[in-house]
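Here the structure comes first, spelled out in structure tokens, and everything after it is commentary.
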Amino acid sequence: MKEKLEQMKAEVLAKISAAVSLEELNEVRVTHLGKKGALTELLKGMKDVAPEDRPKVGQLVNEARSEIEAALEKAKGNMERSLREARMKMEVIDVTLPAKKNMVGHRHPNTIALEEVYRIFVGMGYEVVEGPEVEKDYYNFEALNIPADHPAKDEQDTFYINGDILLRTQTSSIQVHEMEKGKLPIRMIAPGRVFRADEVDATHSPSFHQIEGLVIDKNITFADLKGTLAEFARELFGEDTKVKFRPHHFPFTEPSAEVDVSCFKCGGEGCRFCKGSGWIEILGCGIVHPHVLEMSGIDPEEYTGFAFGVGLERIALLKYEIDDMRLLYENDIRFLKQF
């Protein structure tokens, strides 16, 4: 019995020494010290030991158990200490290393361009006004002198929610809301997102931004419009910028015009940026149609006004020489961090 006990103890201590993980140590504990372990089975054989030898054999068994348990605890402590040291080495912080640079966000090109427009027009005494993106057909079309049979009302161009409700196609609808308030004179710009059923390409998107401007007062003439837009162009593109007005047609203004600015890249001499013409189209404008004033409750015999509209993305594309509108919305950090 004594020889068998010594042999088993030696085998267990050897397994403990060879264990390389806490899981292996636990397996040794269960195999040899558990309820069905080898040492327990050995104790069951005590009935075959002579009665006078049982106390001595029992003492030997207890000593073996104590020695094995002590070896297990020591091995477990050594392993846990080694694991802690390894983890601490992995988590060590070298305070002499340079700090990681924080990634700080900044304004989007559209936001930069919009704030520049705000600065210019607020400096002229204009008010910034906002309105709903979901609009009634009346405010988006009819009140702007666009009748029911006008091509712009075709569902291919407009996102209709139902027969009378739509996603606004222009921020001109905000101007109608302001005119209906009857608080004159009016000097306002209306920036905001608009929606049109366009295919996505380098110059078109189903969702983009417009900035509409409106002035209503007594004795407003086309000369006031020209002077305002000329000052706007100089502030935005440079002091030497010139403007050119070309006759055009818009249902809500009469007369109407499209405005070109001299190419700020080549100074009007002609280059790739202006396609050799020396001029770049930037916006549409005109004198507010008398019928538009009447529908909003303003007497066209007493008051006149002008309106203009420019695409915010167009300003950003021109000002920062971006050749594809899609770059503004793809969230490519390599592109955006240039601004």
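Worth knowing before you read on, the calculation uses all heavy atoms, side chains too, and leaves out hydrogens, waters and symmetry mates.
Side-chain atoms of Thr221 come within 3.5 Å of backbone N or O of Ala223 as a donor-acceptor pair. No donor-acceptor pair under 3.5 Å is formed between the side chain of Thr158 and the backbone N or O of Tyr160. Side-chain atoms of Ser173 do not come within 3.5 Å of backbone N or O of Tyr139 as any donor-acceptor pair. Although no hydrogens or angles enter the test, the distance criterion places a donor-acceptor pair under 3.5 Å between the side chain of Arg168 and the main chain of Gly131. Panel note: side chain Glu313, backbone His209; a donor-acceptor pair is recorded below 3.5 Å. The backbone N or O of Ile112 sits nowhere less than 3.5 Å from a side-chain atom of Glu116 that would complete a donor-acceptor pair. Panel note: side chain Asp217, backbone Ile220; no donor-acceptor pair is recorded below 3.5 Å.
Residues Leu167 and Ile161 form a side-chain contact, since some pair of their non-hydrogen atoms from C-beta on lies under 4.5 Å apart. Residues Tyr329 and Val200 have side chains not in contact (no heavy-atom distance under 4.5 Å, counting atoms from C-beta outward). At a threshold of 4.5 Å between non-hydrogen side-chain atoms, the residues Val288 and Ile216 count as touching. Using a 4.5 Å cut-off on side-chain heavy atoms (C-beta onward), Glu258 and Leu283 make no contact. The closest side-chain heavy-atom distance from Thr169 to Val194 is not below 4.5 Å. Looking at heavy atoms from C-beta onward, Thr253 lies out of side-chain contact with Ile287 at the 4.5 angstrom threshold. Within the 4.5 Å cutoff, side-chain heavy atoms of Lys218 are placed close to those of Tyr303. Between Met179 and Val292 the shortest side-chain heavy-atom distance falls below 4.5 Å.
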request  = Kindly indicate, with the supporting measurements, whether the criterion side chain to side chain contact (heavy atoms under 4.5 Å, CB included) is fulfilled by Met295 and Tyr138.
outcome  = CA-CA 11 Å; Met295 285 189 289; Tyr138 173 79; 4.1 Å; yes
request  = Starting from the C-alpha separation in whole Å, work towards a yes-or-no answer on side chain to side chain contact (heavy atoms under 4.5 Å, CB included) for Trp279 and Arg246.
outcome  = CA-CA 12 Å; Trp279 296 91; Arg246 292 179 287 105; over 6 Å; no
query = Should His108 and Leu328 be marked as a side chain to side chain contact (heavy atoms under 4.5 Å, CB included) after you check the CA-CA gap, both sets of side-chain angles, and the distance that decides it?
reply = CA-CA 8 Å; His108 190 275; Leu328 296 173; 4.0 Å; yes
ask   = Given the rule in the side chain to side chain contact (heavy atoms under 4.5 Å, CB included) test, do Asp324 and Phe335 qualify, once you have shown the distances and angles that lead to the verdict?
value = CA-CA 12 Å; Asp324 193 326; Phe335 168 78; over 6 Å; no
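Both Val122 and Leu312 are assigned to one and the same hydrophobic cluster, defined by single-linkage of ILVMFWY side chains at heavy-atom distances under 4.5 Å. Criterion: ILVMFWY side-chain heavy atoms under 4.5 Å apart, direct or through other members. Under it, Ile120 and Ile280 are part of a common hydrophobic cluster. Hydrophobic clustering, with ILVMFWY side chains joined whenever heavy atoms are under 4.5 angstrom apart, groups Phe232 together with Val215. Residue Leu214 is grouped with residue Ile298 when hydrophobic side chains (ILVMFWY) are merged at heavy-atom distances under 4.5 angstrom, including chains of intermediate members. Residues Phe306 and Val243 share a single hydrophobic cluster, defined by chaining ILVMFWY side chains whose heavy atoms lie under 4.5 Å apart.
Atoms NE2 and CD, from His249 and Glu254 in turn, are 8.0 Å apart once rounded to the nearest 0.5 Å. Between the CD1 atom in Ile315 and the OH atom in Tyr320 there is a gap of 10.0 Å [rounded to 0.5 Å]. In this structure, Leu144 CG and Phe250 CZ are separated by 12.5 Å, a value rounded to the nearest 0.5 Å. With rounding to the nearest 0.5 Å, the separation of NZ in Lys244 from CD1 in Ile282 is 12.5 Å. To the nearest 0.5 Å, atom CD of residue Glu199 and atom CG of residue Asp201 are 8.0 Å apart. Atom NE2 of His106 is separated from atom CG of Leu336 by 6.5 Å, given to the nearest 0.5 angstrom.
Lys242 NZ: 12 or fewer foreign heavy atoms inside a 6.0 Å radius. Atom CG of Asn219 sits in a sparse spot, with 12 or fewer heavy atoms from other residues, nucleotides or ligands closer than 6.0 Å. Summarising the local packing, CD of Gln338 is surrounded by more than 12 heavy atoms from other residues, nucleotides or ligands at distances under 6.0 Å. For Glu301, the CD atom sits in a loose shell: 12 or fewer heavy atoms of surrounding residues, nucleotides or ligands are nearer than 6.0 Å.
Ile322 and Ala316 get closest at one heavy-atom pair: CD1-O, 4.0 Å. Counting all heavy atoms, side chain and backbone alike, Ile174 lies closest to Pro191 at CD1-O, 4.5 Å. Across all non-hydrogen atoms, the minimal contact from Pro251 to Asn145 is O-ND2, 3.0 Å. Contact record, Ala307 with Leu225: O-CD1, 4.4 Å, taken as the closest heavy-atom pair. Between Gly309 and Glu212, the shortest heavy-atom distance links the atoms CA-OE1, 3.6 Å. Nearest heavy-atom pair, Cys285 versus Phe245, reported as atom, atom and distance to 0.1 Å: SG-CE2, 3.8 Å.
By the 4.0 Å N-to-carboxylate-O rule, Arg187 lies too far from Glu127 to be salt-bridged with it. By the 4.0 Å N-to-carboxylate-O rule, Arg119 lies close enough to Glu235 to be salt-bridged with it. For Arg196 and Asp198, the salt-bridge test fails: no basic side-chain N is under 4.0 Å from an acidic carboxylate O.
Taking the six-membered ring where the residue is Trp, the centroids of Phe308 and Phe121 are separated by under 6.0 Å.
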